[in-house]
Amino acid sequence: MAAWAVSTAAAHAKVREQFGRPIGQFQGVKHRVAAALVALEQARAAVWDAARALDSSGAGPVPDEARLAAGVAAVLGPDAAVRCAADAIQVLGGIGYTFEHDAHRYYRRALSLRMLVGEPGGWTEEVAGLAVSGVRRSMEPDLPREAAPIRERIRAEVAALAEEEPPARLGRFAREGWIMPYLPEPWGRGASPLEQVIIHQELRGLRRPNLGIAAWAVPSIVRYGTREQQDRFLPKTFTGEIVWCQLFSEPGAGSDLAGLSTRAVRVEGGWSISGSKIWTSLAQYAHWGICLARTSPDRPKHEGITYFLVDMAAPGVTVRPLKEINGDELFNEVFLDDVFVPDDLVVGEVDGGWRVARDTLSHERVALGDSWGPGSQHTDMVKLLQRLPDLRQARREQAGRLWAEGQAISALGLRVTLSQLAGADAGTASSVRKLLGMRHAQAISEFCWSLAPTDPHWARMILTTRAFTIGGGTTEVQLNIVAERALGLPRDP
């Protein structure tokens, strides 16, 4: 029912015109339909996981793990059907409120089924109780039989890595392509999706370096950089000797990266770059930055942009840290005043930098969706609950809903993994996961802080997580991406 409602609303928004254009171009309508799709995907993952749990539970009493999965589905599924059907009526407008249109039938049925499933509060309390008692859902993919010999080979190689001293192991991580194994050799291992899953599982006991911003830059240098650039930068990046920052965002452009005003002017042997960047994470520690600058201002907006590698110690580079609301100084302003960049530090073609930048941004969104939110997960919430006295019923229900949402996000990640193993394109899944994950991290932090306001960790996290729905593409930008790429709604003119 939720899927019908979302597709019906999207189809109507594409063709219904008001004020001279399709209503799907209006951001309010676009975001409503995109948010309904996000709710649908979260519920779909929860229901899929419950069916998977029951399939594997066999005959006899239902195990607690399957009860937990079923409870999560009961919390999220009926609500998604009601919410999406109601949103469809709103997008359809007057026609959606008539008896002749089918929308009201779906809305009535969704309301009835939610009532028959049972009071949501009861399900949320059961979910909270099972989670606090230690019940967990396994989110490991079921791998095909051909995984066994691959695992045996990788396990033997990992065992050899484990015997190395940390400095030697780090060198082997870099040389043997373990850090980003999906990259082509020699920078990765050319690993298939199946091999990537197995490598991830087998390396859990060994800490691989966290590349930070470099995790977004490296794939673009591999794909578009020259061999000289790759040889110069990648080995030391993998060992942590080179730290990167991203010089994309500007004070006047914000999320509209193609609206940048930083200029690069041709000079003898290279380019002179002038302008300012902002929200540059770790710029005060970075050795190099990936930078976008406009090289042909007379060309269309998304053309005439070039992708540069900038030495952060070069004359003319000034970094000013910005203090954030949690007291950290992660972000920076960076001022570029006639900074010379030689021709051999242009990545890709001159004036063709937007293509390279889109590659970088695609990795940024995936990375953010996977890694942001430390200390703000549903599992961390339960650790706090286990230390506190019994909660009031309303609090238990809130905790159960938050757990259900977090478990569904994990199930959505597993569905994406299985889709990739089957050779399918994950599509807009990274944007959907980021939307869900970032808002969920904020909700977890707010809830836990309200339970333990004197806990230094949660007092910090409630402030830290406010950045999650801004960095790497704001919630509003992500909703636009979902609406336009997943639902085919028209772009803004």
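The chain is numbered in sequence order, starting from 1.
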Test side-chain contact (heavy atoms from CB on, under 4.5 Å) on Asp311 and His287; report intermediate values, then the result. CA-CA 6 Å; Asp311 183 351; His287 304 103; over 6 Å; no
Please evaluate residues Phe233 and Trp244 with respect to the criterion ring pair (Phe, Tyr, Trp, His ring centres under 6.0 Å), reporting the C-alpha separation (whole Å), side-chain torsions for both, the decisive distance (0.1 Å), and the verdict.
CA-CA 10 Å; Phe233 292 107; Trp244 292 83; 5.5 Å; yes
Working for side chain to side chain donor-acceptor pair (under 3.5 Å), residues Ser445 and Arg466: CA-CA 10 Å; Ser445 296; Arg466 297 320 309 171; over 6 Å; no
**Asked** Should Ile150 and Leu194 be marked as a side-chain contact (heavy atoms from CB on, under 4.5 Å) after you check the CA-CA gap, both sets of side-chain angles, and the distance that decides it?
**Response** CA-CA 9 Å; Ile150 299 174; Leu194 178 58; 3.8 Å; yes
### Query
Which is it for Asp337 and Ser274 under the side chain to side chain donor-acceptor pair (under 3.5 Å) test, yes or no, and what are the steps along the way?
CA-CA 5 Å; Asp337 185 15; Ser274 294; 4.6 Å; no
- Message: Test side-chain contact (heavy atoms from CB on, under 4.5 Å) on Val339 and Val310; report intermediate values, then the result.
- Response: CA-CA 8 Å; Val339 177; Val310 174; 4.2 Å; yes
*Would you check, one step at a time, whether the test salt bridge (charged side-chain N to carboxylate O under 4.0 Å, His left out) holds for Arg266 with Asp343?*
CA-CA 9 Å; Arg266 170 68 76 178; Asp343 283 322; 2.6 Å; yes
Under the side-chain contact (heavy atoms from CB on, under 4.5 Å) rule, what do Met461 and Glu446 come out as? Steps first, then yes or no, please.
CA-CA 8 Å; Met461 291 312 301; Glu446 291 170 2; over 6 Å; no
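Side-chain contact of Thr295 with Arg263: a donor-acceptor pair under 3.5 Å is absent, judged by distance alone. Side-chain contact, Ser192 with Tyr182: no donor N or O sits under 3.5 Å from an acceptor N or O. No side-chain donor from either of Glu303 and Ser296 sits under 3.5 Å from a side-chain acceptor of the other. Defined by atom type and a distance below 3.5 Å, a donor-acceptor pair is present between the side-chain atoms of Gln201 and Arg151. Remark: the Thr280 side chain and the Asn332 side chain contain no N/O donor-acceptor pair separated by less than 3.5 Å. Defined by atom type and a distance below 3.5 Å, a donor-acceptor pair is present between the side-chain atoms of Thr239 and Glu241.
The two atoms that bring Asp49 and Met139 nearest to each other are OD2-CE, 3.6 Å, heavy atoms only. Heavy atoms only, all atoms of each residue included: Ala191 and Ile199 are closest at CB-CD1, 4.3 Å. Between Ala411 and Trp48, the shortest heavy-atom distance links the atoms O-CZ3, 3.8 Å. Shown here for Arg136 and Ala131, the closest heavy-atom pair between the two residues is NH1-O, 2.8 Å. Closest approach of Glu65 and Ser138 over heavy atoms only: OE2-N, 3.2 Å. Arg172 and Ala160 make their closest contact through NH1-O, 3.8 Å (heavy atoms, listed as atom of the first residue, atom of the second, distance).
Counting heavy atoms from C-beta outward, Val416 and Leu418 have side chains that stay 4.5 Å or more apart. Side-chain contact between Leu345 and Arg232: present, with at least one pair of heavy atoms (C-beta onward) separated by less than 4.5 Å. In this structure, Glu250 and Ser276 have side chains that are not in contact, with every pair of non-hydrogen atoms separated by 4.5 Å or more. Contact of the His378 side chain with the Leu402 side chain is not registered, since no non-hydrogen atoms from C-beta on lie closer than 4.5 Å. Counting only heavy atoms from C-beta outward, the side chains of Ser220 and Tyr307 approach each other to under 4.5 Å. Counting only heavy atoms from C-beta outward, the side chains of Leu436 and Glu405 never approach each other to under 4.5 Å. In this structure, Phe447 and Trp458 have side chains that are not in contact, with every pair of non-hydrogen atoms separated by 4.5 Å or more. Leu68 is listed as a side-chain neighbour of Trp403, based on a closest heavy-atom distance under 4.5 Å.
Under the 4.0 Å criterion applied to side-chain N and carboxylate O atoms, Glu41 and Arg44 are assigned as salt-bridge partners. One finds a salt bridge joining Glu195 and Arg153 here, because a Lys/Arg side-chain nitrogen approaches an Asp/Glu carboxylate oxygen to under 4.0 Å. The pair Asp455-Arg460 does not meet the salt-bridge criterion, since no charged nitrogen lies less than 4.0 angstrom from a carboxylate oxygen. Classification of Arg67 and Asp64 as a salt-bridged pair holds, one side-chain N sitting under 4.0 Å from a carboxylate O. Salt-bridge check for Glu140 with Arg204: passed, with a basic side-chain N closer than 4.0 Å to an acidic carboxylate O. Between Glu126 and Arg396 there is no salt bridge, since none of the side-chain N atoms of the basic residue sits less than 4.0 Å from a carboxylate O of the acidic one. Ionic pairing of Glu333 and Lys277 is not present here: no N-O contact between side-chain nitrogen and carboxylate oxygen is shorter than 4.0 angstrom.
Note on ring orientation: taking the six-membered ring where Trp is involved, the planes of Phe308 and Trp271 are perpendicular (angle over 60°, cut-offs 30° and 60°). Relative ring orientation between Trp187 and Phe238 is described as tilted, the plane-to-plane angle lying within the 30° to 60° band.
Atoms CG and OG1, from Leu211 and Thr237 in turn, are 7.5 Å apart once rounded to the nearest 0.5 Å. Residue Ile273 holds its CD1 atom at 10.5 Å from CG of Asp338, rounded to the nearest 0.5 Å. Within the model, atoms CD1 of Ile444 and NE2 of His440 stand 4.0 Å from one another, a figure rounded to the nearest 0.5 Å. Rounded to the nearest 0.5 angstrom, Thr475 OG1 and Ile470 CD1 are separated by 8.5 Å. In this structure, CG in Asp231 is found 8.5 Å from OG1 in Thr226, a value given to the nearest 0.5 Å. A distance of 13.5 Å separates OH of Tyr224 from CD of Gln229, quoted to the nearest 0.5 Å.
Remark: the backbone N or O of Arg155 is not paired with any side-chain donor or acceptor of Glu202 at under 3.5 angstrom. Remark: side-chain polar atoms of Ser57 are not paired, donor with acceptor, to backbone N or O of Val62 under 3.5 angstrom. One N or O on the side chain of Gln284 and one on the backbone of Glu329 form a donor-acceptor pair closer than 3.5 Å. A donor-acceptor pair under 3.5 Å is absent between the side-chain atoms of Gln478 and the main chain of Leu435, judged by distance alone. A donor-acceptor pair under 3.5 Å links the side-chain atoms of Glu324 to the main chain of Phe331, judged by distance alone. The main-chain N or O of Gly212 is found under 3.5 Å from a side-chain atom of Asn210 such that the two form a donor-acceptor pair.
Within a 6.0 Å sphere centred on CZ of Arg395, heavy atoms belonging to other residues, nucleotides or ligands number more than 12.
Relative to the six-membered ring of Trp178, Arg189 meets both conditions, a distance below 6.0 Å and an angle of at most 45° to the axis.
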